[in-house]
Every structure is written in structure tokens, then in C-alpha cells.
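Encoded as C-alpha cells, the structure appears first; notes follow it.
Numbers restart at 1 for each chain; the letters A, B, ... are given by sequence-line order, proteins then strands.
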Number of protein chains: 2
Amino acid sequence: MIFHFKNKFPQLNAYWDKYLPFQKKQEVPAKTLLLQEGRRSQQYIFIEKGCLRAFLNKDGNDKTVQFFFEQEGLASFESFVNNVPSPISIETIEPSILYTLPKKYALQLIDELSKEPYFTQMVLQISAQRQNHYMNEFVSFIRDTPEQRYQNLLKKRPQIVQRVPQHYIASYLGVSTVHLSRIKSKLAKGKSHF
Amino acid sequence: MIFHFKNKFPQLNAYWDKYLPFQKKQEVPAKTLLLQEGRRSQQYIFIEKGCLRAFLNKDGNDKTVQFFFEQEGLASFESFVNNVPSPISIETIEPSILYTLPKKYALQLIDELSKEPYFTQMVLQISAQRQNHYMNEFVSFIRDTPEQRYQNLLKKRPQIVQRVPQHYIASYLGVSTVHLSRIKSKLAKGKSHF
DNA sequence: GCTGAACGATAACATATGTTATCAAGTTTC
DNA sequence: GAAACTTGATAACATATGTTATCGTTCAGC
């Protein structure tokens, strides 16, 4: 949410630089839980290498709702700024290299930034982007079949299909692992008559 | 998006008042198309009485994605400010009384407002609310069954169930009209053994 | 009041999707 | 390197959901 915007708003670069020293580099194995549903977020996370997923628990099983890759940053803004419990958990999928900024400094940074006119512009842009993201996901569920949603992934976010274990993708698409497997084999057949 | 925020940001009330004279009162019958998918939005709409829906076309049939009621205002901000084609159509469900503000004045109003510090705050709040709305809808599709989604509607947005024809609700929930009918009859049975 | 459209329930059948179980291959851990 | 775990494919069966058609009711427009 913050550092991955470096250079997108050059006017604010000085701020990122100022807080770089407070970052901590962390190397963590796969399946490391970084934030647990119900807890309060204690840090901003930037992904140097690896990938993460956001998920929630429903009747005992995981439902993955989002994926994150290199050069992306995460902070549940709400959980963070308003200090409310996070509705989701975050964990690594691959062994990852992360840079984290403790909440204390992140809030301090936001406080400094909020005096800058460009900050508003940045927050608005980020907010609009996210709104757009969730709206597209939502509309896609109404409009598209699971098969079409999978093909969208293949076309627009091939990273996910290539790097993420299939059962996470299945819940993200809203289907069972078995059904996603069926979708794949059906698509494979369709292609094979070159 | 604008006038329905009157009194929520009292500091800005003078602006709304200034533009009231440019509003047009419109009484329209049910099923009146107010904005067509692919066209550019030409007005801000405030609902005095009645209800509307937003929908899009998929392979020849409607998919309803949102409902609007009294005291709500609509403007596809993006389609509006950026002058891009609207991805959705808007039409009345009930005979309605609307107040519309032509694009020309709406843009002028936004321009004036943008100099106010409270405007940023307002836009951020609206933006956050919408982001939250779409995120909840999205997560609900991953997490909940259609039956649970219907029960959520009943509990959290009873207006929709009471006033909107069932086939619109069905597509909003992502199921066929027949299946929604089945869900209802199943729930009715469950309740009847008082 | 008549008439056609809109609405909603239901049945019958077809298809999509979930569940459980099994197997095979690949990976990690010790 | 053996054992345990993870991943993914597949089969068999159960359930959920879609499609088409029919019917009765209500309602708007004339």
C-alpha cells in the first residue's frame, strides 16, 4: 500500500526513503502465517520475492480470496488505521523474502504524508483501483461461469495459475478442487485437436 | 453520490443549495431506461421516490448487479468524470420520482468542491464505503451458498426482497429464477413447523 | 370489464457441481 | 533413503442448479 508506490508519485519519494531504515528484512518458509483472522495487523508488508494469499475460515475450511506477488505491498488499511480485527488471514504460499514496517512507523509515516497534497491523490487512486478490482470480481461471479472465470485467470493473471497450488485457486474461483480439475481437463481436450 | 450526502458533511451544504435550482424533477413510469450500457452518463440522479436497478447484458439476458432506493444518488463516477462509456445500464423498477442534475452542472459543482478540504474527506469516505460494499459482495460469493446469500438479503436488505421482482433478485444472487423459487419454498417449509 | 403482459410457482428432465475415496507422483523432513 | 505430507487426477455417487414448459394469479393499459 505504501512502498510499492515508490516512483509512482515521485513527489513523495523522500518519505519512503526516510522510513527505509525502519524496515525489517524477513525470510520466511512457505505456509508461514503472517496475520491471523481476528487479530490486529501489526505491520505493513512488502513482497520482495515469493507469494502470499489472503483467506478466511468458513465452517472449518479455507476460502482464499486474494493472491499477492513480488513488488506488491499489503496492509489492511482499515485493520491498520482503525485498529480493528482483521477479517482475513495472510500466509505465504512460497518461501518468501519480505520487508516489513512495524505499525508504529507506518502510522507515523501516514501521519507525515497526510500533510502532503499528493498523498490525497495517491490514496484516492489506490482506493479507486481497489474498488474497481472488487467490483470486477463481484460482477464476474454474477456474469461468468466458473469455467469462464478460470479462463479469465489464465489470460489476465497467468502468474496465479502457474505458481499457486490448485486447491487455493479452486476456492478463489468458488468451486471445489475436483471441479477445477474437471474444468482443466475439459479445456485440455478442447485444445488438443490442433 | 452528491446530494444524498447533504447534511452528512454540513460544511459543504452551501454547495448543494447553490445547485438545487439546476436540478430537474422527473416523474417516470416503471421500466424506464435511464442509462444504456455503452453510452456515457449525462446526469447525476437522485431518487426521491421509487427504485432502480443496475444491470448488464450477457448473451442476450439481463444480469442485475445492484439496486437503489429512496434518498440514494447515482452517478457512475468514472463514466462521468472520465467520460468513458458506462459498463452498465440503469432502469426504474417502480414508477419513480427523480431529481436529475445535468452533467454540465455536476462537473461544475465537483470543480468548485474540489477546492474544499472537506471534499477530499467526503470522497474518501464514499470511496471506502463502496470498496467495502463490493468486497463484501465478492467475498460472499466465495464463502456463502446462494441460500445463505438470500438469507443475508432478507436480514440486511429486506427492502430488496419486498419491493423488487424476484427474477431481478435471482440474477443478483447468481442463480436462476426457478432456483430462487425453490430456495424460498424450502425456507418456507423450514419455518412452518412452529 | 377485457386483454395481454408480468410475475411466480411447480414439474420433469438435463447438466453442473460437490463429496468421498483412491491412486500416483512429487516434496519435504528427519 | 524411508516416511509423511502435499498436490493433482479420476471415478462413483449424491446433490445442487439450470432449462424448458405449463399453469394460475395479478396487474397495467385500454
Side-chain angles (χ1 to χ4, degrees), chain A residues 28-33 50-51 53 55 58-64 67 91-96 141-151 153-154 160-190 192, chain B residues 27-33 50-51 53 55 58-64 67 91-96 141-151 153-154 160-192:
Chain A
V28 298
K31 300 203 178 199
T32 305
L33 191 62
C51 72
R53 71 186 183 108
F55 62 101
K58 157 86 173 186
D59 302 335
N61 27 19
D62 275 2
K63 301 282 181 175
T64 298
F67 301 105
E91 74 171 20
T92 51
I93 293 176
E94 302 173 352
S96 304
F141 266 106
I142 291 184
R143 189 191 48 206
D144 305 327
T145 64
E147 181 176 328
Q148 290 169 322
R149 283 173 51 71
Y150 178 70
Q151 298 206 61
L153 266 202
L154 272 177
I160 293 181
V161 181
Q162 286 154 15
R163 296 172 60 179
V164 173
Q166 208 161 299
H167 55 286
Y168 296 147
I169 299 179
S171 76
Y172 177 71
L173 293 175
V175 301
S176 67
T177 58
V178 176
H179 191 59
L180 176 53
S181 193
R182 281 195 281 241
I183 288 173
K184 282 180 68 174
S185 88
K186 181 186 165 193
L187 291 179
K189 278 182 198 163
S192 68
Chain B
E27 302 198 30
V28 299
K31 302 205 179 198
T32 304
L33 191 62
C51 73
R53 71 185 182 109
F55 63 100
K58 157 86 172 187
D59 303 336
N61 25 21
D62 274 1
K63 300 283 182 175
T64 298
F67 300 105
E91 74 171 20
T92 53
I93 292 175
E94 302 175 352
S96 304
F141 266 106
I142 290 184
R143 189 190 49 205
D144 305 327
T145 64
E147 182 177 326
Q148 290 169 322
R149 284 173 51 69
Y150 178 70
Q151 298 207 62
L153 266 201
L154 272 177
I160 293 180
V161 181
Q162 287 155 14
R163 296 171 60 179
V164 173
Q166 209 161 298
H167 55 288
Y168 297 147
I169 299 179
S171 77
Y172 177 70
L173 293 175
V175 301
S176 68
T177 57
V178 176
H179 191 59
L180 176 52
S181 192
R182 280 195 281 239
I183 288 173
K184 283 180 68 173
S185 88
K186 182 186 165 194
L187 292 178
K189 277 182 199 163
K191 275 188 186 175
S192 68

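Applying the side-chain hydrogen bond (donor to acceptor under 3.5 Å, both in side chains) criterion to A:Ser96, with sequence neighbours excluded, gives no partner residue. Applying the side-chain contact (heavy atoms from CB on, under 4.5 Å) test to A:Pro165 and every residue at least two apart in sequence or in another chain returns A:Ile93, A:His167, A:Tyr168. With sequence neighbours excluded, the residues satisfying salt bridge (charged side-chain N to carboxylate O under 4.0 Å, His left out) with B:Glu94 are B:Arg163. The ring pair (Phe, Tyr, Trp, His ring centres under 6.0 Å) check on B:Phe141 picks up A:Phe141, with sequence neighbours excluded. Contacts of A:Arg143 classified as side-chain hydrogen bond (donor to acceptor under 3.5 Å, both in side chains), with partners at least two apart in sequence or in another chain: none. For B:Phe67, the ring pair (Phe, Tyr, Trp, His ring centres under 6.0 Å) partners two or more places apart in sequence, or in a different chain, are B:Tyr172. Residues passing the side-chain hydrogen bond (donor to acceptor under 3.5 Å, both in side chains) test with A:Thr145 are A:Gln148, sequence neighbours excluded. Every residue two or more places apart in sequence or in another chain was checked for a ring pair (Phe, Tyr, Trp, His ring centres under 6.0 Å) with B:Phe55, and none qualifies.
For the pair A:Arg182 and A:Val178, the minimum side-chain heavy-atom distance is below 4.5 Å. Within the 4.5 Å cutoff, side-chain heavy atoms of A:Gln166 are placed close to those of A:Leu180.
The distance from atom NE2 of B:His167 to atom P of C:dA5 is 15 Å, rounded to the nearest whole Å. Between the NZ atom of B:Lys184 and the C1' atom of C:dT10 there is a distance of 14 Å, given to the nearest Å.
Heavy-atom distances to DNA chain D give each of B:Pro29 and B:Thr145 a nearest nucleotide, and the one nearer the 5′ end belongs to B:Thr145.
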For nucleotides 24-30 of chain C, list the nitrogen or oxygen atoms of the protein found under 3.5 Å from its nitrogen or oxygen atoms, one pair per line.
none

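Along DNA chain D, the stretch of nucleotides lying under 4.0 Å from any heavy atom of chain B spans, 5' to 3', D:dT17 to D:dT20.
The stretch residues 171-183 of chain B comes close to DNA chain D through B:Gly174, B:Val175, B:Ser176, B:Val178, B:His179, B:Arg182, each having a heavy atom under 4.0 Å from the strand.
A donor-acceptor pair under 3.5 Å is absent between the side-chain atoms of B:Thr64 and the main chain of B:Arg53, judged by distance alone. Without hydrogens or angle criteria, A:Ser171 side chain to A:Gly174 main chain gives no donor-acceptor distance under 3.5 Å.
End-to-end axis angle of the helix from C:dG1-D:dC30 to C:dC30-D:dG1, using five pairs per end and rounding to 10°, comes to 60°.
Taking 4.0 Å as the cut-off between side-chain N and carboxylate O, B:Glu91 and B:Lys31 do not count as a salt-bridged pair.
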